[in-house]
Amino acid sequence: MSGRRRLRDDRGSMIPLVLGFLLITTMLLTVVTDVGSMWLARRSLQATLDGAALAGSRAVDLQAIYSGRSRGPLLLDQAAAVGAVRGFIAQSPSAHQLGSVQIMHITISGATVTVRGQISIHPPFLSLLKSGQVHIQAQASAQTIAG
């Protein structure tokens with residue numbers, strides 16, 4: 001009789017259920033934390049590159065304006081625009097918080113500046129499993145319009 005009573009007894013069946021829920025909750029928290037840190041880093045990189053592109057778009061070719069060659073959109077001085085982009089990145093507080101922002105490419109086409117950059121981060125939990133870094137890239141463009 002005691003063997004049949006034990007088979008119908010439900011005591012102890014909550015332990016595997018609680019352990020399973022704890023495991024699932026821990027996994028979800030680690031994924032959410034890592035994805036959140038990567039999303040925040042990408043957003044900060046995007047804001048930094050937006051500011052750098054805007055800084056570069058203010059480097060108008062003054063020689064073309066004063067000589068009367070500038071008709072339509074304002075042309076950019078390429079050397080000054082590249083210097084403005086690099087100067088903005090060097091002085092930006094968000095770039096210092098991100099660590100090493102690498103400018104991969106600066107394109108100046110007429111009145112448009114396009115900046116592509118990358119950062120490398122170590123997500124809190126993913127870096128425990130994978131010894132490498134996660135590379136995040138972003139791109140920003142700005143155009144100078146007169147009028």
**Student:** Measure the spacing between CD of Q143 and CG of L76 and express it to the nearest 0.5 Å.
**Tutor:** 9.0 Å

**Student:** Quick check: does any side chain N or O of S44 sit under 3.5 Å from a backbone N or O of L40, one acting as donor and the other as acceptor?
**Tutor:** no

**Student:** Within the distance-only criterion (no hydrogens, no angle test), does the side chain of S57 pair as donor or acceptor with the backbone N or O of T144 below 3.5 angstrom?
**Tutor:**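 Between the backbone of T144 and the side chain of S57 there is no qualifying donor-acceptor contact (under 3.5 Å).
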
**Student:** To the closest 0.5 Å, what do you measure between CG (L28) and CG (L23)?
**Tutor:**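 Rounded to the nearest 0.5 Å, the CG-CG separation comes out at 9.5 Å.
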
**Student:** Which distance, rounded to the nearest 0.5 Å, do you find between the CD1 of I121 and the NE2 of H135?
**Tutor:** 10.5 Å

**Student:** Which distance, rounded to the nearest 0.5 Å, do you find between the CD of Q78 and the CD1 of I108?
**Tutor:** 5.0 Å

**Student:** Can you get from L54 to V82 by hopping between Ile, Leu, Val, Met, Phe, Trp and Tyr side chains that sit under 4.5 Å apart?
**Tutor:**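 No, L54 and V82 fall in different hydrophobic clusters.
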
**Student:** If two hydrophobic side chains count as joined below 4.5 Å and joins carry through other members, does F88 share a cluster with V101?
**Tutor:** no

**Student:** Is there a side-chain contact (heavy atoms from CB on, under 4.5 Å) between V31 and M27? Walk through the geometry before answering.
**Tutor:** CA-CA 6 Å; V31 168; M27 288 172 52; 5.6 Å; no

**Student:** Check whether any side-chain N or O of Q46 sits under 3.5 Å from a backbone N or O of Q139 as a donor-acceptor pair, and report yes or no.
**Tutor:** yes

**Student:** Any side-chain to backbone donor/acceptor pair from S92 onto I89? Under 3.5 Å, distance only.
**Tutor:** no

**Student:** Ignoring hydrogens and angles, state whether a donor on the side chain of S94 or T48 is under 3.5 Å from an acceptor on the partner side chain.
**Tutor:** yes

**Student:** Does one hydrophobic cluster hold both M38 and L49, with members joined at side-chain heavy-atom distances below 4.5 Å?
**Tutor:**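 Yes: a chain of side-chain contacts under 4.5 Å links M38 to L49.
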
**Student:** Atom CD1 of I103 and atom CD of Q118: how far apart are they, to the nearest 0.5 Å?
**Tutor:** 10.5 Å

**Student:** To the nearest 0.5 Å, what is the distance between CG (L45) and CD (Q137)?
**Tutor:** 9.0 Å

